[in-house]
Amino acid sequence: MKLIFEKSREGRRLSILPPADVPHTALPQDLCREAPLRLPQVAECDIDRHYAALARRAHGVCNGFYPLGSCTMKYNPRIDEEIAALPGFAGIHPLQRPQTAQGGREVLSLCEAMLCEITGMDAVTFQPAAGAHGEFTGLLLIKAYHEDRGDMARTKIIVPDSAHGTNPASAAMAGYEVVNIPSGTDGCVDLEALRAAVGPDTASLMLTNPNTVGLFDPNILQITRIVHEAGGLCYYDGANLNAIMGVVRPGDMGFDVVHLNLHKTFATPHGGGGPGSGPVGCKAFLNPFMPQSCLGGTPGEKSMGQVRAFYGNFAVVVKALCYMLTLGAQGIREAAENAVLNANYMMHGLKGTYDMAYDHICMHEFVMTLDKLKKETGVSALDVAKGLLDAGIHPPTMYFPLIVHEALMVEPTETESRETLDEAVDVLIDLAKTARENPQVLHDSPLHTPIRRPDEVRAARSPKLKADLP
């Protein structure tokens, strides 16, 4: 496919902009470019065809099944987009007079109340721009709490080996030492390893529950109690909240701080592009340390200060509020229950063909290990993922979590029909059959996509980010 610059022809034009309705004002010479801006010269038809072709190359939820693991909901109800685009929301500005922005303030206030109810927290800030930013903010909150008490010895954050990679990265960015603890044979936290790790230097435990292998830890109350008894706090990574929302609350499990991914769990599907929102909730005793600008109040003397300009990504909050109001309390719970039902239904259909990393009832996602299949046929998890592309299915997450060899993490989500799940199961079973009868087909896959198999190592180490144009 040609770049739009390669379609450019000198002198070709289109007129889509209306005439200026304000006087022309020339920029000062020192602010002007030394050379004209290089833009493609194309007709309107060329532009339309170019971007339509790009759209056909993208695979999204509108194209087919999208079981990417650990990224929560995949379907974005269109009403959420329409409400966020209303002029009163889309045109609001954080510096306009407060009396002219009462609707926006009500959105933030109502969304905070709903998220507090769902998570069991007492306060929420919407400043963090995404999930990892929320993690960092939550850890700064924990740090401010310990320092305010003069407990400077708490320098370590405990992170399970199955955690999302952003957890240890966020902890390190906050100035903490990361203590990694292994999972047990059941895929959950090893209680003895946790007891051995906690102590007077423990600042917090970072945990996702259900965890990264899709299991709800049956010892969660014992886990948070162990950390609290050692003087540490418990941090909840909300990446997998879609499996439990409306059913059980992190605050009731013993967590003190939580971050949420509004752009993944409460409206905009992951991978859809655009801004995110990673609000942080906390228990009342931590509220004095929170960023205090959400509704324009004066920061308290203990506040960590702002972590982002103004009020965060407001439009994402609007979408999330619309999502929650549309579903209501019962609908939120049904979404979680359907996510769990779909995952278990699909996992059951694949048992006997693929090995499950942990053969238990799962929550919203499950992890298969293709280690045995690779040893017997030479077909890897990557090969199977490439084969799915030819079937019009976006591959699951590959090779994560790292504690599972040849892993494929499947998250069918709450919005998919039984027919879609049955079709996906049949495709995966056929791929396993192909792996044993004609493995070369999968080594060569995909066969029918615009791009076959790029050199992934070369692409990662020597990316070509700029076109060589004449």
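All residue numbers in this chain count up from 1 along the given sequence.
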Does a side-chain heavy-atom distance below 4.5 Å link Val404 with Tyr358?
-> yes
Minimal non-hydrogen separation, Met121 against Gly251, with atom names = CE-CA, 3.7 Å
Can you check whether Ala43's main-chain N or O pairs, donor with acceptor, with Asp46's side chain at less than 3.5 Å?
-> yes
Among side-chain atoms of Gln127 and Tyr311, is any donor-acceptor pair under 3.5 angstrom?
-> no
Side-chain heavy atoms of Val42 within contact of Arg9, under 4.5 Å | no
Assess whether side-chain contact (heavy atoms from CB on, under 4.5 Å) is satisfied between Met347 and Val410, documenting all intermediate values.
-> CA-CA 9 Å; Met347 180 177 71; Val410 183; over 6 Å; no
Distance-only donor-acceptor check, side chains Asn242 and Thr265, under 3.5 Å = no
Measure the spacing between OG1 of Thr125 and CZ of Arg308 and express it to the nearest 0.5 Å.
-> 11.0 Å
What is the ring orientation for His59 with His394, classed by angle as parallel under 30°, tilted 30 to 60°, or perpendicular over 60°?
-> tilted
Verify, without hydrogens or angle tests, whether Thr420 (side chain) and Glu416 (backbone) share a donor-acceptor contact under 3.5 angstrom.
-> no
Salt bridge flag under 4.0 Å for residues Asp201 and Lys156 | yes
Salt-bridged, Glu337 to Arg333, with N to O below 4.0 Å?
-> yes
Is the side chain of Tyr235 donor-acceptor paired with the backbone N or O of Ile142 at a distance under 3.5 Å, no angle test?
-> no
Before giving the answer on side-chain contact (heavy atoms from CB on, under 4.5 Å), spell out for Asp444 and Arg453 the whole-Å C-alpha distance, their side-chain angles and the decisive distance to 0.1 Å.
-> CA-CA 8 Å; Asp444 294 337; Arg453 284 210 186 193; over 6 Å; no
Around Arg461, counting heavy atoms of other residues, nucleotides and ligands shown, do more than 12 lie under 6.0 Å from its CZ?
-> no
Walk me through it: do Arg56 and Asn63 pass the test side-chain hydrogen bond (donor to acceptor under 3.5 Å, both in side chains)?
-> CA-CA 9 Å; Arg56 287 193 295 271; Asn63 304 95; over 6 Å; no
Would the number of heavy atoms belonging to other residues, nucleotides or ligands and lying under 6.0 Å from CG of Leu221 be above 12?
-> yes
When every non-hydrogen atom of Asn261 is compared with those of Ala239, the smallest separation belongs to ND2-CA, 3.4 Å
Between Asp190 and Ala193, is there a donor-acceptor pair closer than 3.5 Å when you use the side chain of the first and the backbone of the second?
-> yes
Quick one: closest heavy-atom pair of Pro77 and Ala267, and the distance?
-> CD-O, 4.5 Å
If you round to the nearest 0.5 Å, how far is CG of Leu14 from CD1 of Ile47?
-> 5.0 Å
Examine the side chains of Asn76 and Tyr323 and answer whether a donor and an acceptor come within less than 3.5 Å of each other.
-> no
Given side chains that start at C-beta, do those of Asp371 and Lys375 come closer than 4.5 Å, heavy atoms only?
-> yes
Check: Thr397 side chain, Gly69 main-chain N or O, donor-acceptor pair, under 3.5 Å | yes
Worked verdict on His448 versus Asp390 for side-chain hydrogen bond (donor to acceptor under 3.5 Å, both in side chains) = CA-CA 6 Å; His448 308 296; Asp390 276 335; 4.9 Å; no
Within a strict 4.5 Å, meaning less than it, do heavy atoms of the Ser183 and Ile403 side chains meet?
-> yes
Answer yes or no: is there a donor N or O on one side and an acceptor on the other, between the side chain of Glu6 and the main chain of Leu3, under 3.5 Å?
-> yes
Take atom CZ of Arg452 as the centre, draw a 6.0 Å sphere, and report whether it contains more than 12 heavy atoms from other residues, nucleotides or ligands.
-> yes
So among Asn240, Asn338, Asn344, Thr413, which one has a side chain to side chain donor-acceptor pair (under 3.5 Å) with His364?
-> Asn240
Kindly indicate whether a cation-pi arrangement holds for Lys143 with Tyr176, taking the cut-offs as under 6.0 Å to the six-membered ring centre and within 45° of the axis.
-> yes
Measure from the side-chain N and O atoms of Thr369 to the backbone N and O of His405, and report whether any donor-acceptor pair falls under 3.5 Å.
-> yes
Is atom CD of Glu44 surrounded by more than 12 heavy atoms (other residues, nucleotides or ligands) closer than 6.0 Å?
-> no
How about Phe314 and Val316: do any of their side-chain heavy atoms sit closer than 4.5 Å?
-> no
Is Phe266 close to Met245 at the side-chain level, that is, under 4.5 Å between some pair of heavy atoms?
-> yes
Hey, is Arg195 close enough to Glu192 for a salt bridge, meaning N to O under 4.0 Å?
-> yes
Does Gln41 offer a backbone N or O that forms a donor-acceptor pair with the side chain of Ser8 under 3.5 Å?
-> yes
Are Lys374 and Glu406 side-chain neighbours, meaning at least one heavy-atom pair lies under 4.5 Å?
-> yes
Where is the tightest heavy-atom contact between Gly254 and Cys234, given as atom of each residue plus distance?
-> O-CB, 3.8 Å
Between Arg418 and Asn342, do the side chains contain an N or O donor and an N or O acceptor separated by less than 3.5 Å?
-> no
Heavy atoms from other residues, nucleotides or ligands near CE of Met173 exceed 12 (cutoff 6.0 Å) = no
Could you please spell out the steps behind the side-chain contact (heavy atoms from CB on, under 4.5 Å) verdict for Val257 and Tyr236?
-> CA-CA 6 Å; Val257 183; Tyr236 182 88; over 6 Å; no
Please lay out, stage by stage, how Lys351 and Asp355 fare under the test salt bridge (Lys or Arg N to Asp or Glu O under 4.0 Å).
-> CA-CA 7 Å; Lys351 283 183 181 179; Asp355 295 325; over 6 Å; no
Within 6.0 angstrom of Leu39 CG, more than 12 heavy atoms from elsewhere = yes
Glu456/Lys386 salt bridge by N-O under 4.0 Å criterion = yes
Residue pair Glu135 / Thr166, side-chain donor-acceptor N/O under 3.5 Å = yes
Non-hydrogen atoms of Pro250 and Ile118 that approach each other most closely = CD-O, 4.2 Å
Report the C-alpha separation of Met356 and Leu350 in whole Å, then their side-chain angles, then the decisive distance to 0.1 Å, and conclude whether the side-chain contact (heavy atoms from CB on, under 4.5 Å) test is met.
-> CA-CA 9 Å; Met356 300 299 143; Leu350 292 170; 3.9 Å; yes
For residues 204-215, run the donor-acceptor check on the side chains, cut-off 3.5 Å, and write out each pair with its distance to 0.1 Å, sequence neighbours left out.
residue	atom	partner	partner atom	Å
Ser204	OG	Leu233	O	2.9
Asn209	OD1	Asp217	N	2.8
Asn211	OD1	Val213	N	3.1
Asn211	OD1	Gly214	N	3.3
Asn211	OD1	Leu215	N	3.0
Asn211	ND2	Gly187	O	2.9
Thr212	OG1	Ser162	O	2.6

Parallel, tilted or perpendicular: which fits the ring planes of Phe400 and His164, with parallel below 30° and perpendicular above 60°?
-> parallel
Looking only at atom types and distance, does a side-chain atom of Thr377 sit under 3.5 Å from a main-chain N or O of Val379, one as donor and one as acceptor?
-> yes
Distance col, row His259:NE2 vs Cys282:SG, nearest 0.5 angstrom, shows 15.0 Å
Does some side-chain heavy atom of Pro40 sit less than 4.5 Å from a side-chain heavy atom of His50?
-> no
For Ile83 and Cys322, which heavy atoms make the closest approach, and how far apart are they?
-> CG1-SG, 3.6 Å
Is there a donor-acceptor pair closer than 3.5 Å between any side-chain N or O of Lys283 and the backbone N or O of Gly120?
-> yes
